[in-house]
Amino acid sequence: MRRFIFILTLALAALQGFAQKEAGKLTFVPKIGINLANVAGDDLYYLHDGIGDKKLEPKQCIGIVAGIEGEYQLSAPLSLSAGLFYSLQGHKYDDIELQKDYSATLHYINVPIMLNLYAIKGLALKAGIQLGYAFYKKISYDEKIGNSWGSYSTTGTNYASFDLGIPVGISYDLDKVRIDARYILGLLDLNKLDIGGKYSNRVIQVTVGYIL
């Protein structure tokens, strides 16, 4: 029993040592990666299919994300970070009889503010808030009218410009390389129209960065 307690004490001490970081240190991490973006909400999308109302579920879109994040070490295990990122988000829908190639493309500037807990050496658990501004929004689709197909698009009218989300995630440092995975839960309704239901962002984000 004493041997077990001694080994456990050594293990906890080792983990505590691994988690130590220099308080007051400021670092910057340029990052680049990919988004798996979608929207979620009630009554997402309806179209008439000739028989009755048909609900179409939104599908994920792949986009890029790039920017820089600054991190300040508050104490040995805790740090506060803030970033500035370009993020390509949106969603799409499956083709139906009279409409195809529907996609919504949203170009965001996002500012995530995160609290990071270093559990062991190089491994951080993180959560915070994210402010977002969609500076360009576009919907495009092909629609069949009569016997002919036409291409249509609109910009800036259907989606709200501002977003607020809760990002949670995990990162791991391999020497100077940081691998970061986050899930961003959008809180605000993106739908600006008087018809349709509520939409909010859902984004899985994976980035690779270099610690400066």
Side-chain angles (χ1 to χ4, degrees), residues 19 21-41 58 60-91 104-138 156 159-192 198-212:
K21 278 185 169 286
E22 183 182 347
K25 186 176 182 180
L26 177 64
T27 57
F28 293 93
V29 188
K31 295 181 177 181
I32 190 169
I34 62 170
N35 292 323
L36 295 177
N38 206 341
V39 295
Q60 282 183 339
C61 287
I62 299 177
I64 65 170
V65 57
I68 189 168
E69 195 165 48
E71 181 179 7
Y72 181 76
Q73 202 67 36
L74 299 172
S75 63
L78 287 176
S79 72
L80 184 67
S81 62
L84 181 66
F85 290 90
Y86 163 76
S87 182
L88 178 59
Q89 298 170 204
H91 59 281
T105 304
L106 308 175
H107 298 259
Y108 276 94
I109 294 295
N110 288 329
V111 179
I113 302 171
M114 310 286 286
L115 186 65
N116 310 289
L117 171 64
Y118 284 88
I120 60 174
K121 184 178 180 180
L123 180 67
L125 306 176
K126 48 191 64 191
I129 61 171
Q130 177 171 284
L131 307 175
Y133 174 70
F135 64 90
Y136 185 79
K137 301 160 283 184
K138 182 179 180 180
Y159 290 87
S161 295
F162 292 95
D163 191 30
L164 176 67
I166 299 178
V168 293
I170 187 170
S171 68
Y172 188 73
D173 297 344
L174 296 168
D175 194 13
K176 290 287 189 177
V177 176
R178 175 168 295 174
I179 301 171
D180 191 304
R182 301 179 184 182
Y183 178 74
I184 299 119
L185 175 69
L187 301 178
L188 301 184
D189 181 15
L190 301 179
N191 187 7
K192 289 177 59 179
K198 294 183 178 181
Y199 301 81
S200 54
N201 278 316
R202 299 289 186 271
V203 182
I204 298 171
Q205 188 177 95
V206 179
T207 60
V208 177
Y210 186 79
I211 304 171
L212 301 177

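The structure displayed is predicted, hence computed values, not measured ones.
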Under the side chain to side chain contact (heavy atoms under 4.5 Å, CB included) criterion, do Val168 and Leu185 qualify, and how do the steps go?
CA-CA 8 Å; Val168 293; Leu185 175 69; over 6 Å; no
Applying side chain to side chain contact (heavy atoms under 4.5 Å, CB included), run through Ile64 and Tyr86 and close with a yes or a no.
CA-CA 8 Å; Ile64 65 170; Tyr86 163 76; 3.9 Å; yes
What do the steps show when you test Ile62 against Asn35 for side chain to side chain contact (heavy atoms under 4.5 Å, CB included), and what is the final call?
CA-CA 6 Å; Ile62 299 177; Asn35 292 323; over 6 Å; no
Set out, in order, the CA-CA distance, both residues' side-chain angles and the distance that settles side chain to side chain contact (heavy atoms under 4.5 Å, CB included) for Val29 and Ile68, then state yes or no.
CA-CA 6 Å; Val29 188; Ile68 189 168; 5.9 Å; no
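Rounded to the nearest 0.5 angstrom, Arg202 CZ and Gln60 CD are separated by 12.5 Å. Atom CG of Leu190 and atom CZ of Phe162 lie 13.0 Å apart (nearest 0.5 Å). Annotation: the span from Leu106 atom CG to Phe135 atom CZ amounts to 10.5 Å, rounded to 0.5 Å. In this structure, the separation between CD on Gln205 and CG on Leu36 is 10.0 Å, given to the nearest 0.5 Å. Here the CD-CZ distance, from Glu71 to Phe28, works out to 11.0 Å after rounding to the nearest 0.5 Å. Remark: Leu123 CG to Leu117 CG distance equals 9.0 Å, nearest 0.5 Å.
Across all their heavy atoms, Gly186 and Ser200 have their closest contact at O-CB, 3.6 Å. Pairing each heavy atom of Ala134 with each of Ala160, the nearest pair is CB-O, 4.3 Å. When all heavy atoms of Lys121 and Tyr172 are compared, the closest pair comes out as O-CE1, 3.7 Å. Residue Ser171 comes nearest to Asp180 through the heavy atom pair CB-OD2, 3.8 Å, listed as atom of the first residue, atom of the second, then distance. Taking both residues in full, the closest heavy atoms of Pro167 and Met114 are given as CG-SD, 3.4 Å, listed atom of the first, atom of the second, then distance. Of all the heavy atoms in Ser75 and Ala23, the pair that sits closest is CA-CB, 4.0 Å.
Looking at heavy atoms from C-beta onward, Asp163 lies out of side-chain contact with Asn110 at the 4.5 angstrom threshold. The shortest distance between side-chain heavy atoms of Ile166 and Leu187 falls below 4.5 Å. Inter-residue side-chain proximity for Tyr108 and Val65 is flagged as unmet; no heavy-atom pair is nearer than 4.5 Å.
Ion pairing of Glu69 with Lys126 is absent here, as no side-chain N (NZ or NE/NH1/NH2) approaches a carboxylate O to less than 4.0 Å.
Formation of a donor-acceptor pair under 3.5 Å by the Gln73 side chain with backbone atoms of Leu78 is found in this model.
For the residue pair Ser161 / Lys137, a side-chain donor-acceptor distance below 3.5 Å is found, with atom types taken as modelled. A donor and an acceptor atom, one from each side chain of Asn201 and Gln130, are nowhere located under 3.5 Å apart. In this structure, a donor-acceptor pair under 3.5 Å is present between the side chains of Ser79 and Asn116.
Surrounding CG of Leu174 are more than 12 heavy atoms belonging to other residues, nucleotides or ligands, all under 6.0 Å away.
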